[in-house]
Protein chains: 2
Amino acid sequence: MNFRVRAATKEDCKDVSRMIMVSWHLQLQRDGFCQNPFFECLVAEIPEEIILIQLKQNFHNIFVGYALYFYTYSTWKGRSLYLEDLYVMPEFRGNGIGKGLLCKVAEVGRSKQCVRLQLSVLNWNTPSRDFYAAKGGQDLTVSEGWHFVRFDGQNLDNLANDAPKI
Amino acid sequence: MNFRVRAATKEDCKDVSRMIMVSWHLQLQRDGFCQNPFFECLVAEIPEEIILIQLKQNFHNIFVGYALYFYTYSTWKGRSLYLEDLYVMPEFRGNGIGKGLLCKVAEVGRSKQCVRLQLSVLNWNTPSRDFYAAKGGQDLTVSEGWHFVRFDGQNLDNLANDAPKI
């Protein structure tokens with residue numbers, strides 16, 4: 001399928017938040033398109049006529065997927081990228097768009113001298129696990145035993161409240 | 001023990017890289033103390049006389065630990081923090097310095113409206129797993145089955161080489 005991957009603009013936030021299925025595109029816009037953005041985003045799009053034919057309906061948006069990532073840091077290896085979301089609309093899967101987005105993120109990473117691209121995937125999500133494994137992704141939870149720990153809500157507040165005062 | 005936690009400065013990079021046990025403090029300095037830094041860092045220090053008494057030797061550095069973190073992003077929840085490294089010199093463990101650093105990172109996160117603080121820990125590292133669990137950290141690999149996937153080296157290069165050309 002004919003598609004292209006390009007950097008998202010502020011105007012794409014509404015489409016991205018529709019795909020994430022959240023209503024807060026203004027917050028996405030604030031956090032991703034500011035001076036020190038919290039993330040970067042690529043979008044995949046196809047020529048409008050393909051959608052009109054495939055869906056047989058009046059559908060004005062040619063946006064069919066996105067990849068949202070940010071820069072992280074390894075104290076052993078240096079600059080790294082973390083892929084938070086990779087999404088392609090179900091109707092357009094199986095056309096290499098997901099791979100195109102993933103490869104483009106890797107290309108962005110290389111251009112910024114990143115040595116790692118990391119992501120998390122759920123145990124039950126075997127299609128995604130297989131997809132990443134087929135592309136050379138190592139499952140470090142399986143091979144090295146890395147666990148993923150989160151503090152949020154009241155637990156995060158409790159920590160912050162206990163911070164030493166200077 | 002009397003200690004304080006403060007934001008690291010460019011001058012601390014040499015001490016931080018000594019603790020990480022890498023030799024590239026100039027790269028740390030470049031990546032962490034620039035206009036859009038790849039990470040932020042806190043350091044823990046104690047009054048010099050305590051070290052002189054405890055170690056019974058001439059030791060000029062009062063730097064005893066650090067916490068290195070960066071900002072990440074959840075498309076479901078928004079701004080988040082990731083704690084890459086938390087380290088306290090072995091001789092000074094058990095004095096609340098690790099907890100002080102962790103809590104200070106949480107406080108930084110709260111001040112930046114972050115809703116999550118995340119980190120990864122190895123399966124065999126039960127002291128760290130117990131430490132985080134005792135502070136309210138949820139092990140999402142255990143409770144939700146999150147796996148951690150990495151692309152690096154040739155696998156990352158292969159992806160980048162396959163990126164669609166615009």
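If you're wondering where the values come from, they're calculated on a predicted model, not measured in any experiment.
Using a 4.5 Å cut-off between heavy atoms, B/Val121 touches chain A through backbone and side chain atoms alike. Of the atoms belonging to B/Leu68, it is side-chain heavy atoms, and not backbone ones, that fall under 4.5 Å from chain A. With a 4.5 angstrom heavy-atom cutoff, A/Gln154 does not touch chain B via any of its atoms. The contact between B/Lys99 and chain A is made entirely by side chain atoms (from C-beta outward), counting heavy-atom distances below 4.5 Å. For chain A, the nearby part of B/Glu84 is the side chain; its heavy atoms alone come within less than 4.5 Å. Looking at B/Arg110, only its side chain comes within 4.5 Å of chain A, counting heavy atoms on both sides. Only the side chain of B/Phe70 has a heavy atom closer than 4.5 Å to any heavy atom of chain A.
Residues of residues 126-134 of chain A lying under 4.5 angstrom from chain B, judged on non-hydrogen atoms, are A/Arg129, A/Tyr132 in numerical order.
Remark: side-chain polar atoms of B/Asn123 are not paired, donor with acceptor, to backbone N or O of A/Gly145 under 3.5 angstrom.
The aromatic rings of A/Tyr73 and B/Phe38 are tilted relative to each other, their planes meeting at an angle between 30° and 60°.
Distance check: B/Lys104 NZ to A/Leu159 CG gives 13.0 Å after rounding to the nearest 0.5 Å. Atoms CD and CG, on B/Gln118 and A/Asp152 in that order, are 8.0 Å from each other to the nearest 0.5 Å.
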